[in-house]
Structure formats: C-alpha cells, structure tokens
There are 2 protein chains.
Amino acid sequence: MATDDLMTRALEALGDDGPLSVEAIHRLADLGDLPEMMTIAEVADLLDISPHTLRYYERAGLVEVARDGNGHRVYDAEVVRRMVFLTRMRLSGMPMRDLRHYISLVDSGAHTVPERLDVLVEHRDTIRRRIRELTLSLTAVEYKIATYGGSTGPDVQTLGTTTGTDRMAMPDEPLRRAVPAE
Amino acid sequence: MATDDLMTRALEALGDDGPLSVEAIHRLADLGDLPEMMTIAEVADLLDISPHTLRYYERAGLVEVARDGNGHRVYDAEVVRRMVFLTRMRLSGMPMRDLRHYISLVDSGAHTVPERLDVLVEHRDTIRRRIRELTLSLTAVEYKIATYGGSTGPDVQTLGTTTGTDRMAMPDEPLRRAVPAE
DNA sequence: TTTTGCGTTCGAGCGCGCTCGAAGTCCTAG
DNA sequence: CTAGGACTTCGAGCGCGCTCGAACGCAAAA
C-alpha cells in the first residue's frame with residue numbers, strides 16, 4: 001500500500017517533460033544490477049557527475065574507495081550505492097556538512113539509526129518547505145506572465161492588460177508605463 | 001477564471017505549516033498600501049533581508065535609489081515594488097545575472113516586453129523543473145524514512161524491515177547490516 | 001557637549017561546492 | 001620505442017551571493 005502509493009506519486013511527479021524523467025526514473029529504480037567493480041569514469045558516467053567531483057567527495061570524507069594495484073580507484077557495489085545516495089541527497093539540496101554528519105552516523109553503527117532518522121526527517125521537511133516556496137514563486141511568475149499577456153493562455157494581449165492595478169505581487173514596470181518612454 | 005485558479009493554487013500551496021505561510025501570503029498579496037517613502041531599515045524589515053544585502057543589490061546595478069539631504073537612501077513605492085520583485089525572484093532561484101538582464105530590459109522601454117516574457121517563461125520552466133526534481137527527492141527520502149521504520153506511518157518498526165531487498169534507491173547501510181558491528 | 005544611533009562608502013573576506021591544471025605513473029596500441 | 005590515454009595527488013582558483021568591518025557623517029537625546 002505505502003510503496004505503491006509512493007511509486008504512483010513518483011511517476012506522477014515525472015509526468016510531463018521527457019528527457020529528465022527517463023533519467024530520473026532510471027535513477028529512482030535501477031539499483032541491484034550494479035557491476036561488482038567499477039572505475040571512476042564509469043561511476044561518474046552513471047551518476048552524471050565528473051570524476052573530479054567524485055574525488056572531491058572522497059577527499060571530503062563522504063566515502064572511502066579502495067585502490068587496485070596501480071593505485072586506481074575501484075568502486076564496488078556498496079560504495080556505488082553510497083555514491084548514489086550522496087548524489088541524490090546533494091541534488092535535493094542537502095549540504096555537504098549534513099551529509100558528512102549522516103555518513104559519520106552510518107559508519108558508527110546501527111545504534112545511530114534513530115539519529116539518522118532525525119536527520120532524514122528534518123531534511124524531508126526542508127524539501128517540503130522548499131517545494132512550497134517554489135510553488136508559490138511559480139504561481140507568482142505565472143501570474144505575471146499572464147498579466148503581461150504571456151504565452152500562458154491562448155489569447156495573447158500584449159500590454160494594456162498591465163495598465164490596471166497589479167493587485168497581486170510581481171511588479172516591475174508595466175504599471176505606470178501607460179505612455180512608454182521609448 | 002485564470003486568476004481565481006491561480007489564487008486557489010497559491011492558497012493550496014500554503015496549506016500546512018503556519019509561520020512561513022502567513023509571511024508568504026503577506027508577501028504574495030500585500031502591495032499597494034506601501035508608504036510613499038521608506039528608509040533602508042524599513043525596507044530591509046519588509047523584505048526580511050539585511051540592509052547590507054539591499055545595498056549590495058544596488059551596487060550590483062539592480063536598482064537605483066534616491067538619497068535625502070544626508071545622503072541616506074530613500075526608497076519610494078516604485079523602488080520598493082522593484083525590490084519586492086527582485087527578492088521574490090531571488091528566492092525562487094533566479095541568479096543575479098539573469099535578474100540584471102531582466103532589469104536592463106525593463107529599463108530600456110516597453111519594446112522589450114516580448115524579450116522579458118521570454119525570460120519569465122524560461123524561469124517558470126526552471127522552477128517547474130526544480131519542483132519536479134524536489135518532488136522526486138522527497139519521495140525517495142520518504143521511502144527511506146518508511147523503510148527505516150520512521151515516523152511516516154503510524155506503526156513504527158525499527159530495523160528489521162530494512163533487512164529485505166531495497167528495491168528502490170536510497171541505500172546506505174540498513175541492507176547488509178543483518179549483524180551490526182557495534 | 002557628548003553620546004547614541006542610524007545611516008553612509010569602500011573594500012575585503014567568507015562559505016559553499018565544485019573545477020581545473022600541473023606533474024607524475026602506468027598500461028596498451030602502433 | 002614511442003605516443004596516447006586513463007588514471008593518480010596536490011593545491012590553487014573560481015563563481016556566486018552575500019556578509020562584515022572600518023572609518024566616517026549627521027542629528028536628536030541625555
């Protein structure tokens with residue numbers, strides 16, 4: 001029940017807009033058919049980040065990666081999974097510092113699970129807040145586009161609409177520009 | 001129709017979570033009962049940013065603000081409206097550089113309206129994309145919280161649930177930790 | 001008259017998250 | 001034998017958006 005619901009919502013979230021969705025779905029679902037060993041280039045490719053960044057994360061203490069005989073990094077499945085996690089959290093806006101904290105909890109044993117949950121829950125709330133903020137901004141921008149006579153609706157009325165009172169936010173000029181200067 | 005719809009969505013967006021919402025609604029709606037003249041401190045207060053930042057935006061060429069006899073900044077209603085706009089756009093993640101561009105369009109006359117719309121539409125799409133990303137991340141985090149036995153559902157099962165196959169993303173440890181080290 | 005307080009300018013500094021380049025090692029293909 | 005390419009470490013640099021502090025000006029209150 002819960003899982004199905006989540007999946008449904010994930011798919012809904014994807015909805016329109018092709019390319020990003022495919023990639024996103026891929027990342028959301030595909031784990032398990034991971035190669036046993038991967039090179040830095042392969043992992044970078046998988047996560048769509050640069051090898052530079054991967055090394056940087058390692059330097060930052062977020063993962064430890066084994067080396068082969070030549071001193072080259074060897075990413076095993078577990079490490080790759082962690083990298084996937086880290087990348088995902090970064091993408092959702094969690095700062096490195098928090099990630100470091102979380103990782104240190106993970107590395108210090110199962111008894112830190114409650115504290116890890118605290119971190120996750122807090123981050124969840126942060127994401128929710130951010131989504132709400134963005135939704136609000138989106139509304140405002142859409143409104144402005146609409147009153148500008150933008151491409152939101154079918155009938156485009158350029159200027160004139162904007163001479164009236166801008167009762168809702170998003171002002172810059174179209175008010176007061178009854179007789180433009182140009 | 002369109003306006004009502006937008007307003008509805010804005011209110012929906014606020015929904016839960018008190019303090020932020022009140023503030024947000026305030027910002028979304030309240031414009032028009034602006035004082036004719038405001039000091040930097042008042043504007044800073046209104047926008048909930050520091051006077052430092054306000055001066056910084058000015059230095060960055062986003063607004064020009066008049067001075068009084070003492071060389072102190074005097075924000076008139078128009079400038080304040082622009083500041084509100086700028087702040088809102090910043091909050092929604094538009095980079096300063098784009099804002100500078102937009103402002104330069106505004107300042108160069110009504111004939112730039114189409115180009116301004118382009119900017120707005122593009123930004124709208126950016127916000128939408130970001131919301132989609134965040135929604136996805138949110139789902140993933142919620143899933144992880146759930147499988148951890150977090151506070152998402154009513155019945156909390158700590159550990160044990162997490163021993164199974166993590167079919168969906170977000171792995172770090174709870175797998176493979178059948179016999180924890182600690 | 002001195003102090004308090006709010007403002008000014010200017011330039012430097014900071015935190016974050018990369019991003020890059022130099023210099024070196026090693027393996028493989030031509 | 002040599003050239004190319006993928007990797008390594010290390011440290012520096014960068015873009016962004018503030019954020020701060022020093023040194024100063026002016027005006028009303030103590």
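The sequence lines fix the lettering, A, B, ..., with proteins before strands; numbering per chain opens at 1.
A distance-only check finds no donor-acceptor pair linking the side chain of A:Arg100 to the backbone of A:Gly61 [under 3.5 Å]. Distance alone, capped at 3.5 Å, is enough to place a donor-acceptor pair between the A:Glu42 side chain and the A:Thr39 backbone.
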Generate the contact string for nucleotides 13-20 of chain D. Rules: B means base contact, S means sugar-phosphate contact only, - means no protein heavy atom under 4.0 Å.
---SBBBB
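Annotation: side chain of B:Val79 is not in contact with side chain of B:Val43 (no heavy-atom distance under 4.5 Å). Looking at B:Arg55 and B:Pro51, their side chains come closer than 4.5 Å, going by heavy atoms from C-beta outward. Contact check for B:Tyr102 versus B:His123: no side-chain heavy atoms found under the 4.5 Å cut-off. Taking 4.5 Å as the limit, every side-chain heavy atom of A:Met89 sits out of range of all side-chain heavy atoms of A:Asp98. The closest side-chain heavy-atom distance from A:Tyr75 to A:Val63 is not below 4.5 Å.
Near DNA chain C, defined here as any heavy-atom distance below 4.0 Å, the residues from residues 63-71 of chain B are B:Arg67, B:Gly71, listed numerically.
Residue pairs meeting the salt bridge (Lys or Arg N to Asp or Glu O under 4.0 Å) criterion with at least one member in residues 59-69 of chain A, sequence neighbours excluded, are A:Glu58-A:Arg67.
Each of B:Thr112, B:Leu117, B:Val113 was checked for a side chain to side chain contact (heavy atoms under 4.5 Å, CB included) with B:Leu105, and the lone residue meeting it is B:Thr112.
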Every protein N/O lying under 3.5 Å from an N/O of nucleotides 3-6 of chain C:
none

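Within a 6.0 Å sphere centred on CD of B:Glu122, heavy atoms belonging to other residues, nucleotides or ligands number 12 at most.
Atom-to-atom, CE of A:Met37 to P of D:dC7 comes out at 16 Å; the value is rounded to the nearest Å. Rounded to a whole Å, the CZ atom of A:Arg55 is 12 Å from the C1' atom of C:dG21. In this structure, B:Arg73 places its CZ atom 16 Å from C1' of D:dC26, rounding to the nearest Å.
Closest of all the heavy-atom pairs between A:Arg90 and A:Met94 is NH1-O, 2.5 Å.
Checked against side-chain contact (heavy atoms from CB on, under 4.5 Å), A:Asp118 has no partners two or more places apart in sequence or in another chain.
Using a cut-off of 4.0 Å between Lys/Arg side-chain N and Asp/Glu carboxylate O, A:Arg130 and A:Glu133 are scored as salt-bridged.
Summary of helix geometry: the two end axes of the helix from C:dT1-D:dA30 to C:dG30-D:dC1, each defined by five base pairs via their C1' atoms, are inclined to each other by 20° (rounded to 10°).
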